[in-house]
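Heads up: the structure comes next, in structure tokens.
Each chain gets a letter, A, B and so on, in the order its sequence line appears, and its residues count up from 1. These numbers come from a predicted model, not from an experiment.
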Number of protein chains: 2
Amino acid sequence: MGISDMIARFITEMLEEANGIAELQRAELAARFNCVPSQINYVISTRFSPEHGYIVESRRGGGGYIRIKRVKGPQKQRIMHIVNAIGNQIDTASASAFVTNAYNSGLISRNVAKLIMAAVSDNALRPLQGEQRDEVRANLLKHLLIYTNS
Amino acid sequence: MGISDMIARFITEMLEEANGIAELQRAELAARFNCVPSQINYVISTRFSPEHGYIVESRRGGGGYIRIKRVKGPQKQRIMHIVNAIGNQIDTASASAFVTNAYNSGLISRNVAKLIMAAVSDNALRPLQGEQRDEVRANLLKHLLIYTNS
DNA sequence: TATGATAAGGTCAGATAAGGTCAAACTCGC
DNA sequence: GCGAGTTTGACCTTATCTGACCTTATCATA
């Protein structure tokens with residue numbers, strides 16, 4: 001097992017101990033595993049992506065941190081099923097279908113469903129066109145679905 | 001939490017206690033938090049800017065002061081005011097300021113504020129970079145603020 | 001009524017403390 | 001030997017903190 005796997009396991013343990021929310025310091029973690037700090041980013045982007053059921057927030061500067069949240073609750077399977085069914089690009093019609101699906105499954109409230117629809121609408125993504133718009137839409141949709149369930 | 005955050009919290013409490021108007025002495029506040037006076041200016045410019053919905057007045061010399069006022073006004077106007085102040089491009093820091101402003105103005109709930117922040121975060125807009133990302137962010141932010149207030 | 005002492009607040013650049021990005025180099029199983 | 005996955009490091013961006021120096025206002029008092 002390589003270093004990346006050990007770091008991933010460590011983070012997973014943190015998440016389990018802290019009810020699905022782990023806050024870490026990149027430099028400290030890197031020091032602990034004797035690797036360069038950017039390897040932490042590598043681990044996060046390859047193993048803690050929305051597709052894996054995680055959302056990540058971070059802050060730079062003094063007092064900075066990286067916070068990793070895991071999708072939780074009894075609906076975990078269903079939300080991951082939906083998120084993984086969303087490809088790398090998606091149009092409004094399909095996005096709408098997924099959001100409706102999530103709403104009908106009780107994963108998100110009516111208001112959140114509407115807000116997410118507003119966020120992934122063509123109008124909201126106006127500056128973009130074609131494939132790029134569908135790509136951002138897919139990313140945004142996954143992100144928001146995981147976010148509201150973590 | 002760093003010193004700047006504590007100072008900001010302190011000022012916020014002053015504002016709450018005094019109906020949206022806080023008058024303070026820079027040197028006294030700096031002494032209270034054991035920091036240099038210019039840090040007070042730093043806190044004010046990063047957390048009590050017009051974008052955040054505050055107006056700041058001050059006077060030098062003997063009897064000098066710094067007065068911070070929360071902007072008031074009817075909600076309908078507030079939201080349009082905020083939306084109009086958002087340009088064609090916006091970075092995360094400014095976006096965060098505007099969302100905080102909307103929340104403080106009672107225009108959006110805490111949860112909606114968080115969802116909007118998630119939607120306009122760098123991670124959610126990942127496929128995009130640079131100016132394009134800031135452009136989409138601005139558009140998305142305006143869209144969502146208007147949506148949640150219609 | 002000038003004038004200098006004193007009492008504020010303002011500005012800005014540099015130091016420090018984080019995290020982010022990207023591409024090159026490396027490894028290891030097939 | 002090749003390619004996916006991993007490791008590394010140079011360089012970038014953002015946030016915070018600090019101090020030297022500047023500007024403005026008030027007040028005695030000559």
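Within residues 135-142 of chain B, no residue places a heavy atom under 4.0 Å from DNA chain D. Within residues 2-15 of chain B, the residues that have a heavy atom under 4.0 Å from DNA chain D are, in order of number, Gly2(B), Ile3(B), Ser4(B). DNA chain D lies under 4.0 Å from at least one heavy atom of each of the following residues of residues 38-65 of chain B: Ser38(B), Gln39(B), Tyr42(B), Arg47(B), Arg59(B), Arg60(B), Gly61(B), Gly62(B). Proximity of residues 16-32 of chain A to DNA chain D (heavy atom under 4.0 angstrom from any strand atom) is not detected for any residue.
Using a 4.5 Å cut-off between side-chain heavy atoms of Ile, Leu, Val, Met, Phe, Trp and Tyr, with links allowed through other members, Ile146(A) and Val112(B) fall into the same hydrophobic cluster. Linking ILVMFWY side-chain heavy atoms closer than 4.5 Å, directly or via other members, places Ile11(B) and Tyr65(B) in two distinct hydrophobic clusters.
Val99(B) places a side-chain heavy atom less than 4.5 Å from the side chain of Ile108(B). Contact check for Leu107(B) versus Thr148(B): no side-chain heavy atoms found under the 4.5 Å cut-off. Counting heavy atoms from C-beta outward, Arg67(A) and Val56(A) have side chains that stay 4.5 Å or more apart.
The side-chain hydrogen bond (donor to acceptor under 3.5 Å, both in side chains) test with Ser4(B) is passed by exactly one of Gln39(B), Arg47(B), Arg9(B): Gln39(B).
In this structure, the side chain of Ser105(A) engages the main chain of Asn101(A) through a donor-acceptor pair within 3.5 Å.
Qualifying salt bridge (charged side-chain N to carboxylate O under 4.0 Å, His left out) partners for Arg70(B), counting only residues two or more places apart in sequence or in other chains: none. Partners of Tyr54(B) under the ring pair (Phe, Tyr, Trp, His ring centres under 6.0 Å) rule, at least two apart in sequence or in another chain, are Phe48(B). Judged as a salt bridge (charged side-chain N to carboxylate O under 4.0 Å, His left out), and not counting sequence neighbours, the contacts of Arg32(B) are Glu28(B).
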Report the C-alpha distance between Asn104(B) and His52(B) in whole Å, list the side-chain angles of each, state the deciding distance to 0.1 Å, and finish with yes or no for side-chain contact (heavy atoms from CB on, under 4.5 Å).
CA-CA 9 Å; Asn104(B) 285 335; His52(B) 285 90; over 6 Å; no

Is there a side-chain contact (heavy atoms from CB on, under 4.5 Å) between Leu145(B) and Ile116(B)? Walk through the geometry before answering.
CA-CA 8 Å; Leu145(B) 285 175; Ile116(B) 292 179; 4.2 Å; yes

With side-chain contact (heavy atoms from CB on, under 4.5 Å) as the criterion, how do Asn139(A) and Leu125(B) come out once you've worked through the C-alpha distance, each side chain's angles and the decisive distance to 0.1 Å?
CA-CA 7 Å; Asn139(A) 197 71; Leu125(B) 303 176; over 6 Å; no

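Between Asn34(B) and Ala93(B), it is Ala93(B) whose nearest contact on DNA chain D lies nearer the 5' terminus.
Residues in residues 77-89 of chain A take part in these side chain to side chain donor-acceptor pair (under 3.5 Å) pairs, two or more places apart or across chains: Gln75(A)-Arg78(A). Sorted by first then second residue, the side chain to side chain donor-acceptor pair (under 3.5 Å) pairs that include residues 119-131 of chain A, not counting sequence neighbours, are Asp122(A)-Arg133(A), Asp122(A)-Arg137(A), Asn123(A)-Arg126(A).
Applying the under-4.5 Å side-chain rule to Ile, Leu, Val, Met, Phe, Trp and Tyr, the cluster around Ile55(B) extends to Val71(B).
At a cut-off of 3.5 Å, with distance as the only test, no side-chain donor of Ser38(B) or Asn41(B) sits close to an acceptor on the other residue.
Bounding nucleotides for the chain B contact on DNA chain C, 5' to 3', at a heavy-atom distance below 4.0 Å, are dA7(C) to dC22(C).
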What's touching nucleotides 28-30 of chain D from the protein side, N or O pairs under 3.5 Å?
none

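Rounded to whole Å, the distance from CZ on Arg133(B) to C1' on dT13(D) is 12 Å.
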